[in-house]
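For ligands, and for the atoms within them, numbers begin at 1 and follow the listed sequence.
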Amino acid sequence: MEGEDRGEKAVAAMEACYQGFDPAAYLQYNYTPPRADFTRSDSIVPWKLKCLHEAFSEGEVLVDVGSGPTLYQVMSGCEHFDRVVLSDFLEVNRKELRIWLQDGKSSLDWTPYLKFVCELEGRKCNKNERLRSVVTDVLPINIHQPCPLPSGSLPSTGADCLVSSFCLESVSPDLSSFTQALGHLSGLLRSGGHLLLIGALGESFYLGAPGLRIPVVPLDEAQVCSSLRASGFHLLQLSVYHLPPDMRVGVDDVTGVFFAKARKP
Ligand SMILES: C[S@@+](CC[C@H](N)C(=O)[O-])C[C@H]1O[C@@H](n2cnc3c(N)ncnc32)[C@H](O)[C@@H]1O
Ligand SMILES: O=[N+]([O-])c1ccc2c(c1)CN[C@@H](CO)C2
């Protein structure tokens, strides 16, 4: 089988894995205590929110790539951009986001997240309102496509900032596909724009639903750095969180989480 054909089949197999993805289960597995415990300084989610809070700079358009059913990744960013675009491959996830945006209903109570981010900002704020006022679209996306978003979704110069968390390594069959996907993301970003990338280290699978093991590209820090470089990004910051034993709750085999801020020259 030719290399390209093999790659396409591997991507198709990965896409098939996602057909059983369960947003509510995913949220329960990853976004409730202990992984999301705002009383613990060593919990993963507060660490991610602090990284994001410190990283965003001002701009017009922010795109979240592979949002899933989660909103935390744009809770800081929504204060710095006039327009926020959410995106996911699955309609079940896009629907979960739209329901929260329109009716405030969700499989997970985002209130503690909103409160924590407002505390990081040192002010009382109505983040629900701000989020709903700047999120203009919840779009389909496929990062394996050279043009991942529907044509005309963004200004011709591209977005000013991309954020993406736990997406690329969770949807790519291998490292070269991960790197290629980074290249596709770069095409969404204007020259001089920033990429804020959160991802799993040392992870080979995660549960997307009860019993649904989704394969993940196991990455180490060196591979993340070399893939960013190979796809034309200049790495500005890399921070790593190492999971304490009680954060390993059986829904995946992740050993660490990285936060990277990079710039497209
Ligand atoms: C592990 S979840 C990450 C969700 C969320 N960003 C978070 O931080 O938890 C991976 C997401 O990638 C989406 N996805 C699957 N295939 C994709 C593709 N080809 N392109 C973009 N996103 C994809 C899935 O639907 C899922 O929502
Ligand atoms: O600890 N966390 O906050 C957290 C959140 C989401 C995810 C993970 C860990 C690890 N697995 C990924 C999917 O590859 C999804």
Side-chain angles (χ1 to χ4, degrees), residues 8 10-23 25-38 40 42-52 63-75 86-97 108 113 138-149 162-173 177-178 180-182 184-185 188 196-209 212-219 241-244 246-259:
E8 285 165 3
V11 165
M14 177 60 75
E15 290 173 359
C17 281
Y18 273 94
Q19 296 322 303
F21 188 88
D22 176 344
Y26 176 76
L27 290 167
Q28 188 61 32
Y29 295 154
N30 293 292
Y31 293 100
T32 58
R35 291 186 165 185
D37 183 341
F38 296 96
R40 280 182 59 167
D42 67 341
S43 182
I44 306 176
V45 168
W47 180 83
K48 294 195 285 183
L49 291 172
K50 284 177 197 155
C51 289
L52 290 164
V63 178
D64 178 34
V65 173
S67 306
T70 66
L71 287 156
Y72 72 91
Q73 54 273 30
V74 293
M75 287 181 181
L86 305 178
S87 70
D88 200 71
F89 182 71
L90 297 175
E91 173 56 22
V92 280
N93 286 328
R94 298 194 298 267
K95 186 175 172 212
E96 177 82 19
L97 295 172
L108 184 83
Y113 288 71
V138 183
L139 297 178
I141 191 166
N142 184 344
I143 57 159
H144 298 308
Q145 297 298 323
C147 299
L149 287 171
L162 302 180
V163 57
S164 187
S165 52
F166 299 115
C167 180
L168 274 64
E169 72 279 6
S170 307
V171 308
S172 301
S177 171
F178 171 82
Q180 186 183 57
L182 270 177
H184 296 161
L185 287 199
L188 296 175
L196 307 183
L197 191 64
I198 293 175
L201 294 172
E203 186 178 54
S204 67
F205 82 95
Y206 80 100
L207 294 183
L212 178 65
R213 281 168 71 105
I214 297 179
V216 179
V217 186
L219 298 173
Y241 171 98
H242 299 286
L243 267 78
D246 69 341
M247 296 283 165
R248 302 184 189 202
V249 296
V251 297
D252 50 46
D253 60 352
V254 66
T255 60
V257 176
F258 69 85
F259 175 85

- Charged N-O contact under 4.0 Å between D253 and R213: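 Judged by the 4.0 Å cut-off on N to carboxylate O distance, D253 and R213 do not form a salt bridge.
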- Ion pair check, R40 and D246, cut-off under 4.0 Å: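 A salt bridge links R40 with D246.
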[atom] - nearest protein heavy atom and its distance:
{"atom": "atom 15 (C) of ligand 2", "answer": "Y26 OH, 3.2 Å"}
{"atom": "atom 8 (C) of ligand 2", "answer": "N30 OD1, 3.6 Å"}
{"atom": "atom 9 (C) of ligand 2", "answer": "R35 NH1, 3.5 Å"}
{"atom": "atom 1 (O) of ligand 2", "answer": "I44 CD1, 2.9 Å"}

- Query: R35 and D252: salt bridge (Lys or Arg N to Asp or Glu O under 4.0 Å), yes or no, with the steps?
  - Reply: CA-CA 12 Å; R35 291 186 165 185; D252 50 46; 2.7 Å; yes
Does any N or O atom in [X] lie less than 3.5 angstrom from one in ligand 2, N or O only?
{"X": "E203", "answer": "yes"}
{"X": "E169", "answer": "no"}
{"X": "Y206", "answer": "no"}

Could you give the N/O to N/O pairs under 3.5 Å linking ligand 1 and the protein, each with its distance?
residue  : atom   : partner : partner atom : Å
ligand 1 : 6 (N)  : G66     : O            : 2.8
ligand 1 : 6 (N)  : S67     : O            : 3.3
ligand 1 : 6 (N)  : S165    : O            : 2.8
ligand 1 : 6 (N)  : S165    : OG           : 3.2
ligand 1 : 8 (O)  : Y31     : OH           : 3.2
ligand 1 : 8 (O)  : Y72     : OH           : 2.6
ligand 1 : 8 (O)  : S165    : O            : 3.3
ligand 1 : 8 (O)  : S165    : OG           : 2.7
ligand 1 : 9 (O)  : Y26     : OH           : 2.5
ligand 1 : 9 (O)  : Y31     : OH           : 2.6
ligand 1 : 19 (N) : N142    : OD1          : 3.0
ligand 1 : 20 (N) : I143    : N            : 3.0
ligand 1 : 25 (O) : D88     : OD1          : 3.4
ligand 1 : 25 (O) : D88     : OD2          : 2.7
ligand 1 : 25 (O) : N93     : ND2          : 3.4
ligand 1 : 27 (O) : D88     : OD1          : 2.7
ligand 1 : 27 (O) : D88     : OD2          : 3.3
ligand 1 : 27 (O) : N93     : ND2          : 3.1

- Message: Under 6.0 Å between ring centres: does that hold for Y72 and Y31?
- Response: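 Ring centres of Y31 and Y72 closer than 6.0 Å.
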- Could you pull out the closest heavy-atom pair between A200 and V254, with the gap in Å?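 Smallest heavy-atom distance, with atoms named: CB-CG2, 3.7 Å.
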- Message: If you compare all heavy atoms of N93 against all heavy atoms of P69, which two are closest, and at what distance to 0.1 Å?
- Response: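 Heavy atoms only, the tightest pair is OD1-CD, 3.5 Å.
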- Query: So Y206 and F21, would you call those rings parallel, tilted or perpendicular, with 30° and 60° as cut-offs?
  - Reply: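 Correct class here is perpendicular.
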- Plane angle bin for Y113 and F38 - parallel if under 30°, tilted between 30 and 60°, otherwise perpendicular: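 Taking Y113 first and then F38, their aromatic rings stand perpendicular (interplane angle over 60°).
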- Item | Residues forming a side chain to side chain donor-acceptor pair (under 3.5 Å) with D37, sequence neighbours excluded |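 By the side chain to side chain donor-acceptor pair (under 3.5 Å) rule, D37 matches T39.
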- Query: Excluding sequence neighbours, so at least two apart, what forms side chain to side chain donor-acceptor pair (under 3.5 Å) with E169?
  - Reply: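 If we apply the side chain to side chain donor-acceptor pair (under 3.5 Å) test to E169, skipping adjacent residues, there are no hits.
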- ligand 2 versus F205: contacting region, heavy-atom distance under 4.0 Å: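 It is neither; nothing of F205 touches ligand 2.
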- Indicate, as side chain, backbone, both or neither, the part of S170 found under 4.0 angstrom from ligand 2 when only non-hydrogen atoms are considered.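 For S170, only side-chain atoms sit under 4.0 Å from ligand 2.
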- Message: Below 4.0 Å from ligand 2: does a non-hydrogen atom of K48 turn up there or not?
- Response: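 Checking ligand 2 against K48, which is what was asked, there is a heavy-atom contact under 4.0 Å.
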- Query: Quick one: does Y31 get within less than 4.0 Å of ligand 2, heavy atoms only?
  - Reply: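 Heavy atoms of Y31 do come under 4.0 Å of ligand 2.
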- Query: Excluding sequence neighbours, so at least two apart, what forms ring pair (Phe, Tyr, Trp, His ring centres under 6.0 Å) with F259?
  - Reply: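 With neighbours one apart ignored, the set is empty.
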